[in-house]
Amino acid sequence: MARKKKVKLPKTIPTHIAIIMDGNGRWARSRALPRNAGHRAGVENLRPVLEACVEFGIRYLTVYAFSTENWERPADEVQGLMNILEDVIDREITELHENGVKLRHLGHLERLRPALQEKVLKAIDLTKDNTRISLNIAWNYGGRDELVRAIRKLIEDGVPAEDITEALVGDYLYTAGCPDPDMIIRTAGDQRVSNFLLWQGAYAELYVTPTYWPDFGREDLLDALHQYASRERRFGRVPGPVTSS
Ligand code: FPP
């Protein structure tokens, strides 16, 4: 196995990074391949990026794999993506579990085939006590849809309006119990958040790279981490110690 180049890590490492894995289609087109070949290359790229996250001390990795809007894509592409999810679970779940990866699903399963729903739930259950790194897969996920569902549930639970706090809303989201992402990386150059983690990403640092997702590797992640460490996160405050005026 090729030896990994020793890297110089920045002092501040984000706890949670989230990735909009964009550019699979363009990656495929640039090679005259069908779009689903790009998605296959994209999923193959998850493993080295996940390994790099473990190596660099990142505790949570969230990936945007299938959005609530992606159902509008051609049927064969949607089917191809569903097959990829199923193959990944079949092929990788044992190794992920043995390596301490806790799998979590962000989104809802309703439109997935029952057998696939069951596989996802089983994989989550198998890995639920793992602690090395959490891998959140956003699948059939939309930030607006997540908020609508949270509001409905709050109402169904009869929560009085005055009891609704930011913390409580957070408990009703798919990410309940998971820290907010510190950084959102988007590959393939577009500068938008595309309905991803709308609530949780309120103060995430955005990092956009022109690299297509299947080509985004350990060195690219490291560049993003250096960029992150150089940012000043103020969370709406002014820099420096807190003083009263
Ligand atoms: C965006 O590229 C990518 C997607 C919509 C799908 C991403 C899915 C994977 C990488 C597979 C992941 C699977 C699992 C199980 C986690 P695009 O198709 O929009 O590319 P384009 O903008 O270049 O057309």
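Counting convention: from 1, in listed order, for ligands and their atoms alike.
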Under 3.5 Å: N/O of Arg26 near N/O of ligand 1 |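 Yes, since at least one N or O of Arg26 sits under 3.5 Å from an N or O of ligand 1.
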
Please confirm whether Asp22 comes within less than 3.5 Å of ligand 1 when only nitrogen or oxygen atoms on both sides are compared.
->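 N/O-N/O distance below 3.5 Å exists for this pair.
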
Of Val43, Asn45, Leu46, which is the lone residue that meets side-chain contact (heavy atoms from CB on, under 4.5 Å) with Met21?
->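 When side-chain contact (heavy atoms from CB on, under 4.5 Å) is applied between Met21 and each of Val43, Asn45, Leu46, only Leu46 qualifies.
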
Which residue owns the protein heavy atom closest to [atom], what's the atom, and how far is it?
atom: atom 13 (C) of ligand 1; result: Val43 CG2, 3.5 Å
atom: atom 16 (C) of ligand 1; result: Leu46 CD1, 3.4 Å
atom: atom 5 (C) of ligand 1; result: Asn70 OD1, 3.7 Å
atom: atom 15 (C) of ligand 1; result: Leu85 CD1, 3.6 Å
atom: atom 3 (C) of ligand 1; result: Met21 O, 3.2 Å
atom: atom 4 (C) of ligand 1; result: His39 CE1, 3.8 Å
atom: atom 10 (C) of ligand 1; result: Asn24 ND2, 3.3 Å
atom: atom 20 (O) of ligand 1; result: Gly25 N, 3.0 Å

Just which atoms of ligand 1 are under 4.0 Å from any heavy atom in Gly42?
->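 Those of ligand 1 that fall under 4.0 Å from Gly42 are 10 (C).
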
Going by the order shown, which atoms of ligand 1 are within less than 4.0 Å of some heavy atom of Ala65?
->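 That gives atoms 6 (C), 7 (C), 8 (C), 12 (C), 16 (C) of ligand 1.
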
So, for Trp71 and Phe66, is the gap between ring centers shorter than 6.0 Å?
->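 Distance test on ring centres: under 6.0 Å, yes.
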
Should the heavy atoms of other residues, nucleotides or ligands under 6.0 Å from CZ of Arg59 be counted, would the total exceed 12?
->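 Atom CZ in Arg59 is not packed in, count stays at 12 or less.
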
For Arg233, does the CZ atom have more than 12 heavy-atom neighbours from other residues, nucleotides or ligands under 6.0 Å away?
->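 It does: Arg233 CZ has more than 12 such atoms within range.
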
So, does Ala188 sit close enough to ligand 1 that a heavy atom of it is under 4.0 Å from the ligand?
->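 No heavy atom of Ala188 comes that close to ligand 1.
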
Answer with yes or no whether Arg73 contacts ligand 1, where contact means a heavy atom under 4.0 Å from a ligand atom.
->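 Heavy atoms of Arg73 do come under 4.0 Å of ligand 1.
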
Close side-chain approach of Tyr203 and Asp180, heavy atoms under 4.5 Å =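 With C-beta onward as the side chain, the pair stays apart.
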
Any donor-acceptor pair under 3.5 Å linking the side-chain atoms of [Y] with those of [X]?
X: Asp157; Y: Tyr172; answer: yes
X: Glu69; Y: Asn195; answer: yes
X: Thr68; Y: Arg144; answer: no
X: Asp22; Y: Trp213; answer: no

For ligand 1, does Arg35 get within less than 4.0 Å through its side chain, its backbone, both, or neither, judged by non-hydrogen atoms?
->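 Just the side chain.
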
Do His16 and Thr62 pass the side-chain contact (heavy atoms from CB on, under 4.5 Å) test, and can you show the C-alpha distance, the side-chain angles, and the key distance before you say yes or no?
-> CA-CA 8 Å; His16 181 177; Thr62 298; 2.7 Å; yes

